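Read the structure below first, then the notes.
Worth saying up front: this structure is predicted, and the values here are computed from it rather than measured. Proteins come first, then strands; the chains are lettered A, B, ... in the order of their sequence lines, and each starts at number 1.
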Amino acid sequence: MKKLVLLLIGIFMISSVYALGVTPGRTTIDFEPGLQKNIGLEVINSGAKDISIILSAQGELAEYITLSSETIFIPANQSKTVNYNINFPESLEPGLRTGKVFIMEIPDSSELGSSAVLATLAVVSQLYVNVLYPGKFATSDMIIYNADEDGEATFVFPVVSHGEFDLTSVRANVDIYNSLNEKVDSFNTNSIEVPSGEKKEIIYKWKADVPIGNYRAAATVIYDDGKINLEKTFSVGAKELELQEINVNDFSLGEIVKLEMLIENKWSEIINDAHIETRIKNEAGDVVSSFDSASYDIESLSKQVFVSYWDTAGVKVGNYDADVSIYYDDKSSKKSLEFQVEENELTIIGLGYVISDSGGESNNLIIILVVVIVLLVLINLLWFFLLRKKLKK
Amino acid sequence: MAPSVSMEGKNNNLLKIDLVLIIGSLATLVFLVGYVNPLVIAPLDNYETSERDILFSIEKAENLIIDDNIDFTTPDEYKIKDGLKISLEPGKYYWKVTGILNSNVKILTIKSEVNLELRKIDDENYGVVNAGNVQLNVDIYNGTEMIDNVRLKVDEEMESQGVKFIGEMG
């Protein structure tokens with residue numbers, strides 16, 4: 001009886017779920033005078049009920065959008081492709097012009113008074129049109145991939161040419177300031193060309209020969225006819241905890257095992273309330289065992305042992321994948337290891353050295369390739385310069 | 001005449017061996033190059049999907065290199081292994097594999113999907129889930145009046161008393 005009630009509740013819940021979707025959620029095209037184009041959308045009804053939808057065009061480009069059909073019926077758990085045509089004028093205002101195809105479910109009046117969902121869903125597929133500016137015009141951003149102390153920070157400047165002419169020379173000048181606002185370094189990037197309507201990237205690897213801490217980069221991207229000022233803060237030395245070692249003493253399968261995990265704080269400040277979660281998985285990837293450490297505070301640039309206890313009752317001898325995740329602040333860092341479990345020994349693979357020689361197959365192929373080519377060359381040399389001459393005599 | 005015929009026959013035999021050797025060597029080289037060429041089983045070139053998790057099935061290669069820029073100026077690099085699954089944001093990607101030989105550059109497109117799921121919680125409240133693959137701006141209406149605008153992350157759910165929900169890429 002209880003099962004029947006649960007089943008009925010389940011069926012009711014499934015039938016009372018509505019869903020409406022559209023893909024792509026955004027279509028981006030470049031403007032061409034007088035362009036006519038057909039764009040397809042897939043409207044998805046992943047709910048458990050048949051629906052009818054109505055389509056309409058909205059936004060500043062609405063007048064250039066023609067919908068092929070305005071009302072469409074979509075059975076439950078099916079999708080339908082709908083098309084719309086765009087018919088652009090000879091000119092549009094430069095910049096990003098937008099329009100929307102609005103897809104709305106038509107409420108079913110037969111459900112009034114019933115317990116089914118009565119709210120209405122609508123989704124929007126956006127149309128983005130890039131209209132080139134007269135002359136030369138660019139936009140840019142600065143992305144900084146942080147560096148370790150004495151490592152390299154990578155500066156990336158994606159440059160988009162929005163003008164009708166190509167940009168022949170785009171480069172960036174960058175000044176780096178420390179937290180006391182003192183300039184610690186400057187550099188100039190190389191120069192690149194960016195064709196009209198395209199996106200290219202300027203890359204610069206900066207040697208972070210500075211102490212660990214936060215820095216500010218002030219950049220000027222200079223292109224043929226203009227300048228773009230950009231500013232970003234970044235860190236040298238990540239606010240990062242790194243798992244360095246796992247020590248296990250007196251392992252005995254079936255018992256509770258103590259794992260001592262050595263963690264290094266690579267940041268210049270204390271990190272509070274860090275803890276480690278370990279998930280052991282079987283071949284199918286299912287978690288067969290999981291355990292957490294207590295929470296610890298780690299002083300800046302120092303190491304701390306985190307203790308975890310693993311109850312190995314029911315665990316069989318074999319090799320297991322293990323995800324060891326360190327949680328701190330709003331971050332986490334995960335290391336994938338292999339636990340080789342035997343009756344009286346636990347071997348942990350993947351810390352400090354390569355888990356397995358993953359290049360082995362490739363190395364074997366190279367050896368085979370070289371051996372066969374050398375053999376071919378020898379056979380040919382032997383034949384053409386020795387045997388052939390002998391036989392000819 | 002006899003020695004000349006015999007010499008001609010001998011030369012013919014030598015030429016035949018030359019031919020066999022040259023064709024055999026070339027065939028072996030072609031086979032070898034084919035053998036060490038990366039074998040990309042999935043995804044196909046120009047593959048389009050709205051799934052964010054992409055399974056790469058590749059043999060005879062070591063690394064997968066993927067970037068949203070055809071120049072591969074800031075690529076992500078993955079070691080190829082069985083069941084390599086990579087989660088990607090919607091967008092157009094260029095990718096190639098490297099090993100003894102490199103593959104050509106292939107294109108992969110993750111299409112954005114806007115999808116709202118709605119369920120009735122009680123007489124007044126609805127649960128609204130972002131079931132698509134992009135962050136959504138959801139306008140909530142009660143009748144013709146817009147009462148709220150909520151930003152929903154992928155798979156995030158909210159409760160609302162509205163009766164009309166409009167989802168759009170944020």
Side-chain angles (χ1 to χ4, degrees), chain A residues 13-14 16-27 42 44 46-47 100 102-105 107 115-126 143 145 154 156 158 192 199-203 285 358-359 361-363 365-366 368-369 372-373 375-377 379-380 383-384 387-388 391-392, chain B residues 7 10-11 13-14 17-18 21-22 24-25 28-29 31-33 35-36 48-50 59-62 68-69 71 73-74 79-81 83 90 99-100 109 111-120 123 126-129 131-134 136-137 139 141 160 162-169:
Chain A
M13 284 181 75
I14 290 167
S16 64
V17 172
Y18 282 6
L20 179 62
V22 61
T23 183
R26 180 180 295 158
T27 304
E42 189 184 358
I44 307 154
S46 47
K100 295 175 181 180
F102 193 84
I103 301 152
M104 193 175 80
E105 176 205 351
S115 58
V117 177
L118 292 174
T120 311
L121 284 176
V123 287
V124 171
S125 180
Q126 301 166 332
I143 302 158
Y145 295 97
T154 304
V156 181
I192 62 164
K199 177 183 158 188
K200 297 274 177 186
E201 290 177 340
I202 302 172
I203 312 287
S358 54
E361 192 188 344
S362 159
N363 289 341
L365 282 174
I366 290 173
I368 292 169
L369 195 68
V372 174
I373 289 171
L375 272 175
L376 280 176
V377 170
I379 291 168
N380 279 277
W383 171 251
F384 284 105
L387 292 173
R388 196 178 195 283
L391 287 171
K392 211 172 178 182
Chain B
M7 186 61 85
K10 202 174 181 182
N11 279 341
N13 285 339
L14 287 175
I17 296 172
D18 289 352
L21 205 57
I22 290 167
S25 299
T28 310
L29 280 175
F31 171 77
L32 277 178
V33 169
Y35 185 71
V36 296
E48 286 192 6
T49 179
S50 53
E59 289 174 10
K60 289 182 280 187
E62 277 185 45
D68 60 358
N69 185 323
D71 298 327
T73 41
T74 48
K79 203 95 191 151
I80 289 170
K81 59 179 182 181
I100 296 172
T109 306
K111 291 190 293 184
S112 52
E113 181 182 328
V114 171
N115 200 324
L116 278 182
E117 209 173 86
L118 184 71
R119 64 185 174 86
K120 194 171 184 177
D123 284 345
Y126 290 98
V128 183
V129 182
N133 64 8
V134 285
L136 295 182
N137 277 328
D139 293 339
Y141 286 81
S160 173
V163 293
K164 184 173 158 189
F165 303 90
I166 302 171
E168 181 176 0
M169 264 179 82

Compare all side-chain heavy atoms of [X] with those of [Y] and state whether any distance is below 4.5 angstrom.
| X | Y | value |
| --- | --- | --- |
| B:I166 | A:V124 | yes |
| B:L21 | A:N380 | yes |
| A:E201 | B:D71 | no |

Can you tell which part of [X] gets under 4.5 Å to a heavy atom of chain A, answering side chain, backbone, both or neither?
| X | result |
| --- | --- |
| B:D68 | side chain |
| B:T73 | both |
| B:Y35 | side chain |

Best-contacting candidate, B:N11, B:T28, B:V134, B:I17, against chain A by heavy atom pairs under 4.5 angstrom: B:I17
Options B:L136, B:V36, B:N69, ranked by heavy-atom pairs under 4.5 Å with chain A, top entry: B:N69
Heavy-atom distance under 4.5 Å to chain B: side chain of [X], backbone, both or neither?
| X | answer |
| --- | --- |
| A:L121 | both |
| A:S46 | side chain |
| A:Q126 | side chain |
| A:I379 | both |
| A:V22 | both |

Sidechain-backbone polar pair: B:D18 side chain, A:W383 backbone, donor-acceptor under 3.5 Å: no
B:S112 backbone acceptor or donor facing A:T23 side chain under 3.5 Å: yes
Closest non-hydrogen atom pair between A:P107 and A:T120, with its separation: CG-OG1, 3.9 Å
Shortest non-hydrogen separation from A:I192 to A:K200 and the atoms involved: CD1-CB, 3.8 Å
